[in-house]
Each structure stands twice: as structure tokens, then as C-alpha cells.
Amino acid sequence: ERENVRRSALAAFDIHDEVRLRRAVAMLGDHSERIHSLAKEKIKTTEYQNGQVLIEALNIPRRKIREGVFDLLAELNIGDIDAYRFARTQLGESYAYLNAFQYIKTFPASEDRDLLLDHLEQKSRLEVENVLRVLGLQDKSGQMKIIWRGIFSADSLQRANSMEALDDLLDRSLTRILLPVLGSGPLSEKAAVGRKTFKLPKFDKAGESCLQWLIKKKKKLSLVLLLNLMAREGVQEGDIEAIRELMASADEAVRKLARKVLVNAGEYQLPKEKVMTAEVVITDKILLLKKIEMFEGLTVSELAAVGSVAEEVMFQPGQIVIKRGDM
């Protein structure tokens, strides 16, 4: 826990393979700026360089790690092939999230459903933002950075001009799959483009279920949000066995929600001595945090990170909650 010990360990750490590089990348997320900077310097100056590992690290949900990796990618030479491969992979992920979004949209409207929809849309958008930023690192003219800012502008004319400029700048094989996901067309049309280009699951009774896809892809937060929705709306018979297996998950939130889904579906009976308390689960915490002005700009993933360290504390009327100057 001591910063000086972490710093000394990192200073002595030798990066000579993929495993050690990934460990150093994780240290970019340290809350100490000195350790963040040291990790960045270690990765930049080591003889072992692996652009693909750095590019893949952009999928890590922690913003501090992603920003550190972007800084490194800007300073190190990554090949066009690495960037192009990353772009295709991430766009496939973006379309997969939109595919899941379209399925979840069929659930009855509720706060829980809308929270999951927000999360899936944010994840899809983040994949595209990462693609544009990585491609921007390859463009020495600086034009790509201007386009990236314009695409996410609130001005519709600026967005349209940026999309046109993007089409002119990039290879046609890439813009063919990039522009539709950036456009304002119907979700069904975007999903159709994704299914033509990538092998995406079709979430219906005949194909793979959305739950099984999230388990296989290890999308933990999306899985927790879907289980919470299933506890409310019910579960398909084909998912019962998968949910039973989730009751043995190493993650406490997944275990508890899997049990709750099965109890509500009449597929599991709690022991008589086991009383389910009215505890605040992570999804409830996210919904509560989302209503607080200080947190309103955070994504669902970021709210989940805050919620994971938030505790429920009861106060009596008139009791002081916090005073100026308190930690």
C-alpha cells in the first residue's frame, strides 16, 4: 500500500516479455502520478516493445490507463498493419454492442433496462473513439485529429463535414464499416451492416442468447446489468443452466444476482435459515449515483467503479453527515 514501496518495485521491474509488459501497463492506473509517470517511462524505454499489447490495452475500462497508453502510442512507432488490425477488431466489438442493444431494446421500458442500454451504447461509442484516436496517431498531417473532434461535435454540419473528410482520408475497406456505425441511421440498419461484415450472434431462441454471449466475452458489468434486468423481467428457459453455473462465480455481485434471478424464477429455494436482506446492489448504487449532480458526466462503467467503493450508511434525522474540512 505504501507508495515508496510500489515505486521502488516498479523501478527494479524488468520488462522482457508480454506478461511483464501487461503488468507495467496496469501500473499506469496507479492513483499516484509519480508511479503513473514511472510506469510510462519504463514502458517507453524498455528494449521489449509490443505495439499490439499496447493497442489491446485500450480496451481496459480505466480511463487513466487508456490515456497513458495513448500517450505512449503517440511517442512510439506502431505499424500501419497493427493499427488497421486494431481498427477492424474494435469496430467488430462496437457492432456487437449495438447488436446487444437492439436485443435489450425489446425488454419492457424500465430504469434497469435503460441503464443497460446506456452502458451498451457508451461501450459501442468508446470502441469507435479508440479507433479514431489510434488512426489519428498514424496521420502525421494532424487532419485526423480535427476530424475526430468534428465527428463528436454537437454541430450537425460539422459532423457531416467531418464524416465526408474521413471518407476521403481513409481506405475504402475501412470507411465502409466505420461510417455506418458513426452515422445517425436506424439501429437496425447499423446492426445489419455489422452482421454482413462480422460474425455476430443473432440473439433469439434459435441462436446464442445475449447472456451466454456476455459470459463468453467476459463482459462483467454488462453481465451484472443483464442479470439485474432478468431478475425483474424473467429469464428464458435456455439460460437457466448458465445462470446456475454463475452461482459459483468468483465475483460476489454476479453470484448474488444469479441467485436472485433463479429465486424469482422459482428455480431455486433459499434455505430456511437464509434470509435475503434488502441490501443495495451495484445496479441500485449506479442508479442512485447517476442522479447526483457531481457524477452526472460519468459513464455507467465509471459510475460502477464509484459504486464499488461506496457504502450504505444510515443517519438519524438531524445527525451531521459531513463537515467542511473532513476527509
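We count residues from 1, following the sequence as given.
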(Q) Check whether R255 reaches the backbone of M247 with its side chain - one donor and one acceptor, N or O, closer than 3.5 Å. (A) no
Q) Counting heavy atoms not belonging to Q319, are there more than 12 under 6.0 Å from its CD? A) yes
Q: Spell out, as yes or no, whether a donor-acceptor pair under 3.5 Å connects the side chain of S308 to the backbone of A305.
A: yes
Q. Is E121 salt-bridged to R125, going by a charged N under 4.0 Å from an acidic O?
A. no
**Q.** Salt-bridge present (E233, R113; N to O < 4.0 Å)
**A.** no
Q: Verify, without hydrogens or angle tests, whether R159 (side chain) and I151 (backbone) share a donor-acceptor contact under 3.5 angstrom.
A: no
Q: Please confirm whether the backbone N or O of E33 pairs with a side-chain atom of S37, one donor and one acceptor, at under 3.5 Å?
A: yes
Q: Answer with yes or no whether the hydrophobic clustering places L73 together with L126; edges join I, L, V, M, F, W, Y residues whose side-chain heavy atoms lie under 4.5 Å apart.
A: no
Q) Counting distance only, does the side-chain N/O of R244 pair as donor-acceptor with the main-chain N or O of E267 below 3.5 Å? A) yes
Q | Whether R20 side chain and D14 backbone form a donor-acceptor pair below 3.5 Å | A | yes
Q: Look only at the side chain of S94 and the backbone of S124, and say whether a donor-acceptor pair between them is shorter than 3.5 Å.
A: yes
Q) Parallel, tilted or perpendicular for Y95 and F198, by the 30°/60° rule? A) tilted
Q | D30 backbone acceptor or donor facing K64 side chain under 3.5 Å | A | yes
Q | Contact check, side chains of D112 and F107, non-hydrogen atoms, under 4.5 Å | A | no
**Q.** Donor-acceptor under 3.5 Å (T106 side chain, Y103 main chain)
**A.** yes
(Q) Checking side-chain polar atoms at under 3.5 Å, does D171 have a donor or acceptor matched by the opposite partner on S173? (A) yes
Q: Go through the steps for N50 and Y48 under the test side-chain hydrogen bond (donor to acceptor under 3.5 Å, both in side chains), then give the verdict.
A: CA-CA 7 Å; N50 189 325; Y48 177 81; 3.1 Å; yes
Q. Between the side chain of K42 and the main-chain N/O of A11, is any donor-acceptor distance below 3.5 Å?
A. yes
Q: Report the residue from R63, R62, R66 that forms a salt bridge (Lys or Arg N to Asp or Glu O under 4.0 Å) with E302.
A: R63
(Q) Do R23 and F13 form a cation-pi contact, if we require the NZ or CZ to be under 6.0 Å from the six-membered ring centre and within 45 degrees of the ring's axis? (A) no
